[in-house]
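Structure record follows, encoded as structure tokens.
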Number of protein chains: 2
Amino acid sequence: MGISERKEREKTEMRKRIVDAAVQVFKEGGPEKVSIRNIAERIEYSPATLYLYYKDKDELLLDAQADAFDQLSVAFRQIKFAQEPFKRLEQIMESYIAFARAEPELYDLMFIMKAPMNAVEDFDSWDNGDDAFDMLKQVVEDCISEGCIRFTDPIVGAISVWGFAHGLVSWTLNAGLSPHTCARK
Amino acid sequence: MGISERKEREKTEMRKRIVDAAVQVFKEGGPEKVSIRNIAERIEYSPATLYLYYKDKDELLLDAQADAFDQLSVAFRQIKFAQEPFKRLEQIMESYIAFARAEPELYDLMFIMKAPMNAVEDFDSWDNGDDAFDMLKQVVEDCISEGCIRFTDPIVGAISVWGFAHGLVSWTLNAGLSPHTCARK
DNA sequence: CAAATATACTGAACACTGTTTAGTAATTCC
DNA sequence: GGAATTACTAAACAGTGTTCAGTATATTTG
């Protein structure tokens, strides 16, 4: 019978509505406005209802964070990549930084990490960032193959690049990404 | 008259007591236990009293964070630095990562950033990390002078190294810092 | 179709949180 | 000594995440 399937479908739809509301509230009001009550009000349900779809707030934010990371992946995928691997690395870094500037709230949502991380056993079973990270890792691998970068392990290299970009974002209220900034072969 | 000086002294002593209590509570119970009430109880004062010494919780945590960063600086200063600049860079990274592992709570306190950051106008007037960062920057400068690193701007280089170390800490539940991990000239 | 059951939802409460304010106790000044 | 200043606190306010008893709604059964 299709009725339990419909119920299942409604359940995932409801979860999506909740997550969307959470992201929206976050974008509008920042971290401190993302309360269960605010999210519930936005979708016109009682606060208690959210607990029928999410175990707790951390689990909810984990999904909201996944949403934000998905949008970063989308941004990465929209890059018109060059042939040169190193050029591609620059492009992906620029995209990362541009995203952080264009969507500061989503960016915060990604790196408030602590809350969503509580919803997960350990760092290994946290996979919200995997998509975006894997894309970066791929480019780093290409760089390694061409020998235009000093790392040997693509994961370690990707961590370094990611951390670099992240640090630059924190620092950089000022200028745009200067060309030779990226000259970190 | 020395009475107003004593008052002044008592005021700074009280602030220190509060910050110490905050750090202690943080170390014992993590971020969610650092409530005004818990801090106040530890020093046997009423919660309201803390507001005679700190404008709000963010300002208090800003000082607590400064405390944590100071301890990182101390760790850096205890390094018996080698002659080779690049070796020094490895040493400072190892020290950073060792600190994060030895004092995970203090490390969290440094990078819960958001709360203390609210107590400050902009990123420029946040200087809690300046001491540690400057030490790293100095080493990076030496590396640049010797040409054993690819960056030209020591600040940008230091950001990269810092971000790299930070990323490694997030990643690295597993192994210790493998030697060639640091081979990122 | 009506009764019984399962599902979806909510109002109200609990134990917290940061913060403010009116009022009390202690200290300093004259 | 008494007046004025300072240090402190109890109590309250508005908000938080979360739970639970109870109420509607929808589904299944007789």
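Per chain, numbering begins at 1; letters A, B, ... match sequence-line order.
Using a 4.0 Å cut-off between a side-chain N of Lys or Arg and a carboxylate O of Asp or Glu, A:E105 and A:K33 do not qualify as a salt bridge. Ion pairing between A:R9 and A:E5 fails under the 4.0 Å rule for side-chain N and carboxylate O. Checked for salt-bridge contact, B:D20 and B:R42 miss the test: no charged N lies under 4.0 Å from a carboxylate O. Classification of B:E146 and B:R88 as a salt-bridged pair fails, no side-chain N sitting under 4.0 Å from a carboxylate O.
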Worksheet entry | Derivation and outcome, salt bridge (charged side-chain N to carboxylate O under 4.0 Å, His left out), residues A:E10 and A:R6 | CA-CA 6 Å; A:E10 282 176 348; A:R6 195 207 65 203; 3.4 Å; yes

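In the set D:dT6, D:dT27, C:dG11, the nucleotide with an atom closest to the side chain of A:K7 is D:dT27.
Ring pair B:F76/B:F133: centre-to-centre distance not below 6.0 Å. Checked against the 6.0 Å centroid threshold, A:F164 and B:F151 count as a close aromatic pair.
At D:dT9, none of the side-chain N or O atoms of B:Y45 fall inside 4.0 Å of OP1 or OP2 (strictly under the cut-off). Between B:R6 and C:dT27 there is no side-chain polar atom (N or O) within less than 4.0 angstrom of OP1 or OP2. Proximity of A:T49 to the phosphate of C:dC9: no side-chain N or O atom is located under 4.0 Å from OP1 or OP2.
Mapping A:D58 and B:K11 onto DNA chain D by nearest heavy atom places B:K11 closer to the 5' end of the strand.
C:dT17 atom C1' lies 15 Å from atom CG of B:L60, rounded to whole Å. Taking atom CD on B:E59 and atom P on C:dG18, their separation rounds to 15 Å, with Å as the unit. Atom CG of B:L50 is separated from atom P of C:dT17 by 13 Å (rounded to the nearest Å). At whole-Å resolution of the value, CD in A:E5 and P in D:dT27 are 14 Å apart. Between A:E10 atom CD and C:dT7 atom P the separation is 14 Å, expressed in whole Å. Atom P of nucleotide D:dT6 and atom CG of B:L52 are separated by 13 Å, given to the nearest angstrom. Taking atom NZ of B:K55 as the reference point, atom P of C:dT19 lies 8 Å away to the nearest angstrom. What separates CD of B:E8 from C1' of D:dT6 is a distance of 14 Å, to the nearest Å.
Under the 4.5 Å side-chain criterion, counting only non-hydrogen atoms from C-beta, B:W171 is not in contact with A:V156.
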Please tabulate the protein-to-nucleotide N/O contacts below 3.5 Å involving nucleotides 21-23 of chain C, giving atom names and distances.
none

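Residues of residues 30-40 of chain A that place a heavy atom closer than 4.0 Å to DNA chain D, in numerical order, are A:V34, A:S35, A:I36, A:R37, A:N38.
The residue B:Y53 sits close only to the backbone: its heavy atoms come under 4.0 Å of sugar-phosphate atoms, none of a base.
Using bins of under 30°, 30° to 60° and over 60° for the plane-to-plane angle, the ring pair B:W162/B:F111 lands in the perpendicular bin.
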